[in-house]
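Heads up: the structure comes next, in structure tokens.
Counting convention: from 1, in listed order, for ligands and their atoms alike. Heavy atoms only: backbone and side chains are in, while hydrogens, waters and symmetry mates are out.
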Amino acid sequence: MGLFTRGRTVLVDADILVIGGGMAGCGATYESRYWGRELKVVCVEKANIERSGAVAQGLYAINCYMGMQWGENQPEDHVRYARNDLMGLVREDLGYDIARHVDSSVHKFEEWGLPIMRDPETGRYQREGKWQIMIHGESYKPIVAEAARKAATEVCNRIMVTHLLMDRTKPNRVAGAVGFNVRNGDYYVFRAKAVIVCAGGASHIFKPRAVGEGMGRTWYAPWSSASAYALPILAGAKMTQMENRIVLTRFKDGYGPVGAYFLHLKTYTENAYGEEYESKWYDHTKALVGDYVDRHPVPTCLRNHALLEEVKAGRGPIRMVTKEAFQDPHKETVGWENFLGMTIGQAVVWASQNIDPKHTNPELTTSEPYVMGSHATCSGAWASGPADYAPSEYQWGYNRMMTVDGLFGAGDTIGGTAHKFSSGSFTEGRIAGKAAVNYVNDLGSEQPQVSEGEYEDLRKVIFQPLENYRVGRNEIVAGTVSPSYIAPLHGLQRLEKIMDEYVGGISSHYTTNEPLLTRGLELLGMLKEDLDHLGAEDLHQLQRAWELHHRVLASEAVTHHTMFRTETRWPGYYYRADHPKLDDTDWHCFTLSRYDRDSGTWELEKAPVYHIVD
Ligand SMILES: Cc1cc2nc3c(=O)[nH]c(=O)nc-3n(C[C@H](O)[C@H](O)[C@H](O)COP(=O)(O)OP(=O)(O)OC[C@H]3O[C@@H](n4cnc5c(N)ncnc54)[C@H](O)[C@@H]3O)c2cc1C
């Protein structure tokens, strides 16, 4: 036994276990308590829910609000919008379900103390765009976390969940999870009747633009480490649309958001020579995707596409024209406040690079790809839909239950439903929480059957990197490169390089093809073998080791899905050079995968897209 494996084993029993206390996890915890007054609801989080997840720094806008009280939009409108943006492919039942409930979540945020800006003339929430409302959101996350904290029976902060536990009597039923305390090394075994995975999206699976000591500067949160996908994948849950990675156009180097600039400040972009360029790429784009280019608003990926083509043609950099808008003192204030409430780093980058947007039009760039289910993208687990709205083929149990019994998800975890954002993720958490309560009530007194042998074996596996380091470090006289173990950072860089070069990252202009993907999978397979030899010098590195495990598995899913879909559905997100066009005849469908952890093999299939809203 090594230094840290001497930690205690802590057994926690729960009716409902929520993994990840970000937006979706807080929603799930809150709603589970509302419907399950007597139930034991436990939320486990690898950081501290007070400031964890993608909303940790705060936000300046809530991007999903219908405004039904004022007749601004209806849920069907949002389904049409998301479907259009995702080039026709969304789970309309799930999206509708979120849209019809999301306003009530936002009203709760306001009730709990979140300052929402109001239009002085109408008294309504101040709109930034058709779906976005503006907030003073520096404390958005602490406000939401307080509600979850008060609702939970127990919040276990600083516990990284590494594996789900399966019921030993029923092969396709979840029974809990295991993980470790990242501060003291205690081993945690959670036994639960229902588990709701809300562990965020995945950054750092593709090589980021910022490397070296700046590598934490990514658009999506660097701590979003793909657990939301790896945990269900390992449990045998079906995943969908994992090829649908997202690439964001953002202000260069700081990844400052552009939404408020386009929508509220009415700024626009131009190429290095001060020319409008999007219209130049119209015919070219139309030849690739047909009528999708004529949709309004133009899908996010296609707007990236025009920018990328213009840069490839040698007319970059692309700049945001801020000089005009910033002459208006009100707009100038809004422009700066937009960063100060959510991405202070962008303001610091501009200050350090002598960029005053009143006098200099700042550069834009496209990010490395991320995998997530809540933004303008919809990767994640394949979930059962709402009983009153989902087609029968999309209903096999409780709302938001995956293809594993008792295993639910929300937010970035659930696939097929883009444009949820912070409010929609919280709302989906609420939906999953309510369904999980029904599931638990229907189980009655039936208890989850956890195998002690299984969790004791997992304990050895989880802490092994500490042992690898303890033994292997004796072979090193200086530096960090060891002949017999890999440091988590080295493994991460190897993963990012494979994904970047073979699966369509920044260095290949997001382009890949079957031979590249085939080789990428071979290299990922070799990396996976080497993960048994990760070495962790302390608990922090042990967390990094398990984050890497999760990222590698999610990357494998992304690569298999990208290989399976033989078309280029979302130019601007990625390109299959061997199938450069959108192909609605063969690919107007979802892609599904299932991983068999015993054989290490993947099975892929298609699932139909049902258009419920006209
Ligand atoms: C830069 C940026 C800007 C954005 N701007 C907006 C905006 O303006 N408006 C808007 O509405 N939305 C915005 N979003 C989107 C919004 O933040 C997400 O949609 C939302 O946070 C997703 O919720 P989630 O619960 O799925 O993930 P998160 O909120 O990220 O929560 C995931 C949680 O899981 C925890 N976790 C992960 N792995 C584990 C593990 N193994 N064990 C235990 N815990 C784990 C994490 O620590 C985290 O707390 C933005 C996101 C980003 C990154």
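With a heavy-atom cut-off of 4.0 Å, Ser227 touches ligand 1 through its side chain alone. Only backbone heavy atoms of Cys198 (N, CA, C or O) come within less than 4.0 Å of ligand 1; its side chain stays farther off. Contacts between Ile159 and ligand 1 below 4.0 angstrom, taking non-hydrogen atoms only, involve the backbone exclusively. Under 4.0 angstrom from ligand 1, the non-hydrogen atoms of Trp219 come from both its backbone and its side chain.
Side chain of His549 to backbone of Asp532: no donor-acceptor contact under 3.5 angstrom is found. Distance alone, capped at 3.5 Å, places no donor-acceptor pair between the Asp186 side chain and the Gly7 backbone.
Between Gly53 and ligand 1, an N or O atom pair is found at a separation short of 3.5 Å. Between Ser224 and ligand 1, not a single N/O pair is under 3.5 Å apart. Close N/O approach between Glu45 and ligand 1 is found [any backbone or side-chain N/O within under 3.5 Å]. Note: an N/O pair closer than 3.5 Å links Asn63 and ligand 1 by distance alone.
Atoms of ligand 1 found under 4.0 Å from any heavy atom of Ile62 (numbered from 1 in listed order, with element): 11 (O).
When hydrogens are left out, the protein atom nearest atom 51 (C) of ligand 1 is Tyr220 CE1, 3.8 Å; that is the closest non-hydrogen contact. Among protein heavy atoms, the minimum distance from atom 9 (N) of ligand 1 is reached at Ala61 O, 2.7 Å. Taking atom 39 (C) of ligand 1 as the reference point, the nearest protein heavy-atom neighbour is Lys46 CD, 3.8 Å. Atom 29 (O) of ligand 1 has its closest protein heavy atom at Met23 N, 3.2 Å. In terms of protein heavy-atom proximity, atom 13 (C) of ligand 1 is nearest to Leu59 CD1, 3.7 Å. For atom 17 (O) of ligand 1, the closest non-hydrogen atom of the protein is Val55 CG2, 3.3 Å. Nearest non-hydrogen protein atom to atom 26 (O) of ligand 1 is Asp412 N, 2.8 Å. Looking only at protein heavy atoms, the nearest one to atom 12 (N) of ligand 1 is Ser422 N, 3.3 Å.
The residue among Ala54, Gly200, Gly27, Gly21 with a heavy atom at the shortest distance from atom 30 (O) of ligand 1 is Ala54.
Thr153 and Arg33 are linked by a side-chain donor-acceptor pair at a separation below 3.5 angstrom, with hydrogens and angles left out of the test.
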